[in-house]
K.L.:
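Please find one structure pasted underneath; my questions will follow.
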Amino acid sequence: MTYTLYYSPGTASMAVHWALIELGVPFEAIGLDFDAAEQRNPAYLRLNPSGRVPTLVIDGRPYSESAALVMLLAERHPDAGLAPPPGDPQRARWLETMVFLANTVSPAMRDWFYADKDGAPAGADAVRELARSRIEGAWPRLAAALSDGRPFLFGDAPGAADYLAAMLMRWSRNMARPASEHPELAAYLARMGALGSYAELCRREALTPWP
Ligand SMILES: N[C@@H](CCC(=O)N[C@@H](CS)C(=O)NCC(=O)O)C(=O)O
């Protein structure tokens, strides 16, 4: 079993990088310089035709989509307990949460950061405005999931949903209404930020910890 992660610091590859560090499995990490448009290099486009990160090459085959990759890692390393297994009472809520993060929050984040690049610049303000309302609408839902006092989204230990959720929340840090405005999420982010794997991720990606 070999893993090679193509990443760019602080981007959608972060959740996968974090999960790999937490798992403690051997992997190679190859950084792409977006300023040099390395994600558009022909060799990388052969691995990931969308020219985006992350790409995780598993035993020679490339796979993309951050949510799918953290779910896959949870499945491939069941002993690590990164996800409630099939049949677990929390499984349905976990699937719901993963799809919510991947299907609602993540595309809105893409629109927030890439409205000018992905669409016509003339319409970018309207796209960003809709994205902003979707992003701000997601935080109360995640805060509610933590309102019973649980430390992480699915129990006493962090897992796939947490790496994805905390990554998305981190991206709101320069928005007018960041996720950390919600007390439950501020406390949650402090717990995620206190993990040794987060410190290691920040060291490897040269990120400033937040919050
Ligand atoms: N839905 C994808 C989104 C991937 C994505 O948009 N990645 C961004 C970084 S956050 C990227 O590679 N941007 C480079 C580009 O679009 O040129 C995922 O979650 O993996």
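For ligands, and for the atoms within them, numbers begin at 1 and follow the listed sequence. Just so it is clear, the structure is predicted and the values come from calculations on it, not from any experiment. Starting from 1, each residue takes its place in the sequence as its number.
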K.L.:
Just which atoms of ligand 1 are under 4.0 Å from any heavy atom in Pro54?
P.N.:
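Checking each atom against Pro54, I get 20 (O).
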K.L.:
Where on Arg40 is there a heavy atom closer than 4.0 Å to ligand 1, on the side chain, on the backbone, on both, or on neither?
P.N.:
neither
K.L.:
Report yes if some N/O of Trp171 lies less than 3.5 Å from some N/O of ligand 1; otherwise report no.
P.N.:
no
K.L.:
Please state which protein non-hydrogen atom is closest to atom 6 (O) of ligand 1 and give its distance, to 0.1 Å?
P.N.:
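Protein heavy atom with the smallest distance to atom 6 (O) of ligand 1: Arg110 NH1, 2.8 Å.
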K.L.:
Name the closest protein heavy atom to atom 3 (C) of ligand 1, giving the residue it belongs to and the distance to 0.1 Å.
P.N.:
Ala12 CB, 4.4 Å
K.L.:
From atom 19 (O) of ligand 1, work out which of Ala15, Ser66, Pro107 has a heavy atom at the shortest distance.
P.N.:
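Selected option, by shortest heavy-atom distance: Ser66.
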K.L.:
Please state which protein non-hydrogen atom is closest to atom 7 (N) of ligand 1 and give its distance, to 0.1 Å?
P.N.:
Val53 O, 3.0 Å
K.L.:
Could you tell me whether ligand 1 has any atom less than 4.0 Å away from a heavy atom of Ser64?
P.N.:
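False for this residue.
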K.L.:
Around atom 2 (C) of ligand 1, find the nearest protein heavy atom and jot down its residue, atom name and distance.
P.N.:
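Here the nearest protein heavy atom works out to Glu65 OE1, 3.3 Å.
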K.L.:
Has Asp33 got more than 12 heavy atoms of other residues, nucleotides or ligands less than 6.0 Å from its CG?
P.N.:
yes
K.L.:
Taking atom CZ of Arg177 as the centre, does the number of heavy atoms from other residues, nucleotides or ligands within less than 6.0 Å exceed 12?
P.N.:
no
K.L.:
Numbering the atoms of ligand 1 from 1, which are under 4.0 Å from a heavy atom of Lys117?
P.N.:
15 (C), 16 (O), 17 (O)
K.L.:
With under 30° as parallel and over 60° as perpendicular, where do the rings of Tyr198 and Trp18 fit, or are they tilted in between?
P.N.:
tilted
K.L.:
Take Phe152 and Tyr188 through the side-chain contact (heavy atoms from CB on, under 4.5 Å) test and state the conclusion after the steps.
P.N.:
CA-CA 7 Å; Phe152 300 104; Tyr188 169 72; 4.2 Å; yes
K.L.:
Under a 4.0 angstrom heavy-atom cut-off, which atoms of ligand 1 come close to Gln39?
P.N.:
14 (C), 15 (C), 17 (O)
K.L.:
Does the Lys NZ or Arg CZ of Arg93 fall within the cation-pi geometry relative to Phe154 - under 6.0 Å from the ring centre and within 45° of the axis?
P.N.:
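Geometry flag: not set, cation outside 6.0 Å or 45°.
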K.L.:
So with a 6.0 Å cut-off around CZ of Arg191, is the heavy-atom count from everything else above 12?
P.N.:
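Yes, CZ of Arg191 has more than 12 neighbouring heavy atoms, counting only those of other groups under 6.0 Å.
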K.L.:
Would Tyr3 and Asp59 count as a side-chain hydrogen bond (donor to acceptor under 3.5 Å, both in side chains) if you check the C-alpha gap in whole Å, the side-chain angles of each, and the deciding distance to 0.1 Å?
P.N.:
CA-CA 7 Å; Tyr3 290 129; Asp59 297 335; over 6 Å; no
K.L.:
So which bit of Phe113 gets within less than 4.0 Å of ligand 1, heavy atoms only: side chain, backbone, both or neither?
P.N.:
neither
K.L.:
Considering only protein heavy atoms, which is closest to atom 13 (N) of ligand 1, and at what distance to one decimal place?
P.N.:
Tyr114 OH, 2.8 Å
K.L.:
Could you check Phe27, Tyr163, Tyr6 and say which one makes a ring-ring contact (aromatic ring centres under 6.0 Å, His included) with His17?
P.N.:
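For His17, the ring-ring contact (aromatic ring centres under 6.0 Å, His included) test succeeds with only one of Phe27, Tyr163, Tyr6, which is Phe27.
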K.L.:
In chain order, what residues pass the salt bridge (Lys or Arg N to Asp or Glu O under 4.0 Å) check against Glu136, with sequence neighbours excluded?
P.N.:
Arg132
